[in-house]
Peer 1: 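Have a look at this one before I ask anything.
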Amino acid sequence: QVQLVESGGGLVQPGGSLRLSCAASGDIFSILVMDWYRQAPGNQRELVARITSDGSTNYVDSVKGRFTIGRDNAKNTVYLQMNSLKPEDTAVYYCNADVILYTVRKRSTYWGQGTQVTVSS
C-alpha cells in the first residue's frame, strides 16, 4: 500500500502565501500523476492543480498565476505554492497520486488525509 502525508496548511490573511507538501511512501514503483484537490464546505471536491511525471502542469482557472505545483521525483513529493491567497481559497486541500505499485506493477490511486487552508483577516 501507499501512504500520502500532507503538511503546510494553516490560517493566513488575504494576500498571503502558504506552501503545501505531500510525501508519498510505501509500495511505489513509480508515480504517474500527482494532483492537489480542494473541498470547501457545501461544495464538491475540485481539481486545483496537476503535475505529470514529465513535469507537465495544469491548473483550474481560478488559481492560474497564483498557485504553482511542483514535484521532487527522488523524494516522491509534490508541492503547492499558493500566493495571493483569497478567502475563496479556503478549503481542505487533498493530495492525490496515481501510482504504479512496486510488488504487483498495477496502477492504483491514493488520497492523503487532507490539510485545512483558511484565508481570513
Side-chain angles (χ1 to χ4, degrees):
Q1 293 300 311
V2 174
Q3 298 78 40
L4 301 180
V5 178
E6 298 126 336
S7 60
L11 172 65
V12 64
Q13 292 186 342
S17 298
L18 282 175
R19 188 183 193 226
L20 306 182
S21 298
C22 172
S25 63
D27 188 28
I28 298 170
F29 177 73
S30 67
I31 302 178
L32 302 176
V33 179
M34 301 189 84
D35 299 326
W36 285 100
Y37 284 76
R38 67 185 178 187
Q39 187 168 20
N43 290 356
Q44 290 187 333
R45 191 172 296 189
E46 69 168 347
L47 176 61
V48 176
R50 167 168 289 170
I51 186 165
T52 63
S53 57
D54 66 358
S56 297
T57 59
N58 284 294
Y59 299 91
V60 68
D61 286 346
S62 60
V63 309
K64 286 180 180 177
R66 300 188 298 121
F67 291 10
T68 302
I69 190 170
R71 64 188 283 177
D72 184 333
N73 290 330
K75 296 181 178 179
N76 289 330
T77 298
V78 64
Y79 306 97
L80 187 67
Q81 178 66 42
M82 304 185 294
N83 298 329
S84 302
L85 282 160
K86 304 175 180 180
E88 51 263 43
D89 294 317
T90 296
V92 178
Y93 284 70
Y94 297 91
C95 173
N96 175 277
D98 196 13
V99 177
I100 301 293
L101 299 176
Y102 185 85
T103 52
V104 297
R105 301 300 164 96
K106 286 185 177 181
R107 187 171 178 171
S108 189
T109 298
Y110 296 89
W111 291 91
Q113 80 284 357
T115 185
Q116 177 70 46
V117 171
T118 302
V119 185
S120 175
S121 55

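Positions are given from 1 along the sequence.
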Peer 1: I'd like to know if the side chain of R71 and the backbone of D54 have a donor-acceptor N/O pair within less than 3.5 Å.
Peer 2: no
Peer 1: Please round to the nearest 0.5 Å and tell me the distance separating atom OG of S25 and atom CG of N76.
Peer 2: 8.5 Å
Peer 1: Quick one: do V78 and L32 end up in the same hydrophobic cluster if we chain Ile, Leu, Val, Met, Phe, Trp and Tyr together by side-chain heavy atoms under 4.5 Å apart?
Peer 2: no
Peer 1: Provide the closest heavy-atom pair for I51 versus D35 in the form atom of the first, atom of the second, distance.
Peer 2: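 Where I51 meets D35 most closely, the heavy atoms are N-OD1, 4.4 Å.
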Peer 1: So, taking the atom named OH in Y79 and the one named SG in C95, what distance separates them when rounded to the nearest 0.5 Å?
Peer 2: 11.5 Å
Peer 1: Can you confirm whether E88 is buried at CD, in the sense that more than 12 heavy atoms of other residues, nucleotides or ligands lie under 6.0 Å from that atom?
Peer 2: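 Yes.
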Peer 1: Hey, what do you get for OG (S7) to CZ (R19), rounding to the nearest 0.5 Å?
Peer 2: 9.5 Å
Peer 1: Determine whether T90 and Q116 satisfy the following criterion, side chain to side chain contact (heavy atoms under 4.5 Å, CB included), listing intermediate values before the conclusion.
Peer 2: CA-CA 8 Å; T90 296; Q116 177 70 46; 4.0 Å; yes
Peer 1: Would you say the side chain of V99 lies within less than 4.5 Å of the side chain of S108, judging by non-hydrogen atoms?
Peer 2: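 The answer is no, as the side chains (C-beta and beyond) never meet within the 4.5 Å cut-off.
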Peer 1: Are L101 and W111 connected, step by step, through hydrophobic side chains (Ile, Leu, Val, Met, Phe, Trp, Tyr) whose heavy atoms are closer than 4.5 Å?
Peer 2: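 Different clusters.
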Peer 1: Compare all side-chain heavy atoms of L11 with those of S120 and state whether any distance is below 4.5 angstrom.
Peer 2: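 Yes, side chains in contact.
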Peer 1: Would you compute the distance between atom CZ of F29 and atom CZ of R107 and round it to the nearest 0.5 angstrom?
Peer 2: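 The distance works out to 14.0 Å.
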Peer 1: Quick one: closest heavy-atom pair of R38 and S62, and the distance?
Peer 2: NH2-OG, 3.3 Å
Peer 1: What heavy-atom pair brings V48 and V63 nearest, and what distance separates the two atoms?
Peer 2: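 Closest heavy-atom pair between V48 and V63: O-CG2, 3.9 Å.
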Peer 1: Just so I know, are the side chains of R66 and Y59 near enough to count as touching, which here means a heavy-atom distance under 4.5 Å?
Peer 2: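 SC-SC contact between R66 and Y59 ruled out.
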Peer 1: Keeping E6 on the side-chain end and G114 on the backbone end, is there a donor-acceptor pair under 3.5 Å?
Peer 2: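 Yes: the side chain of E6 pairs with the backbone of G114.
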Peer 1: Is M82 close to W36 at the side-chain level, that is, under 4.5 Å between some pair of heavy atoms?
Peer 2: no
Peer 1: Show the nearest heavy-atom pair for residues A24 and L4, with the distance to one decimal.
Peer 2: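 Reported closest heavy-atom pair: CB-CD2, 3.3 Å.
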Peer 1: Quick one: do I100 and V104 end up in the same hydrophobic cluster if we chain Ile, Leu, Val, Met, Phe, Trp and Tyr together by side-chain heavy atoms under 4.5 Å apart?
Peer 2: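 As far as the 4.5 Å side-chain criterion goes, V104 and I100 are not connected within one cluster.
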Peer 1: For I31 and M34, which heavy atoms make the closest approach, and how far apart are they?
Peer 2: CG2-CG, 3.4 Å
Peer 1: Please say yes or no: joined through hydrophobic side-chain contacts below 4.5 Å, possibly via intermediate residues, are Y37 and L85 part of one cluster?
Peer 2: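 Different hydrophobic clusters.
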Peer 1: Quick test of your reading of the model: are K64 and D61 salt-bridged, counting only N-O distances below 4.0 Å?
Peer 2: yes
Peer 1: Donor-acceptor check, side chain of T115 to backbone of Y93, threshold 3.5 angstrom: yes or no?
Peer 2: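 Such a contact is absent between T115 side chain and Y93 backbone.
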Peer 1: Would you mind reporting whether F67 and L20 have side-chain heavy atoms less than 4.5 Å apart?
Peer 2: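 No - every pair of side-chain heavy atoms lies 4.5 Å or more apart.
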Peer 1: Would you kindly confirm whether V33 and V60 end up in one hydrophobic cluster when ILVMFWY residues are joined by side chain heavy atoms under 4.5 Å apart?
Peer 2: no
Peer 1: Could you give the distance from CD (Q1) to OG1 (T103), rounded to the nearest 0.5 Å?
Peer 2: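 Q1 atom CD to T103 atom OG1 measures 8.5 Å (nearest 0.5 Å).
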Peer 1: Look up atom CG in L18 and atom CD in Q81, then write down how far apart they are to the nearest 0.5 Å.
Peer 2: 8.5 Å
Peer 1: Are Y94 and N96 close enough that some pair of their side-chain heavy atoms sits under 4.5 Å apart?
Peer 2: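 Y94 does not reach N96 side chain to side chain.
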Peer 1: Should Y102 and I28 be marked as a side chain to side chain contact (heavy atoms under 4.5 Å, CB included) after you check the CA-CA gap, both sets of side-chain angles, and the distance that decides it?
Peer 2: CA-CA 5 Å; Y102 185 85; I28 298 170; 5.9 Å; no
Peer 1: Compare every heavy atom of Q113 with every heavy atom of V5, then report the nearest pair and how far apart it is.
Peer 2: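 Smallest interatomic distance, heavy atoms only, reads CA-OE1, 3.9 Å.
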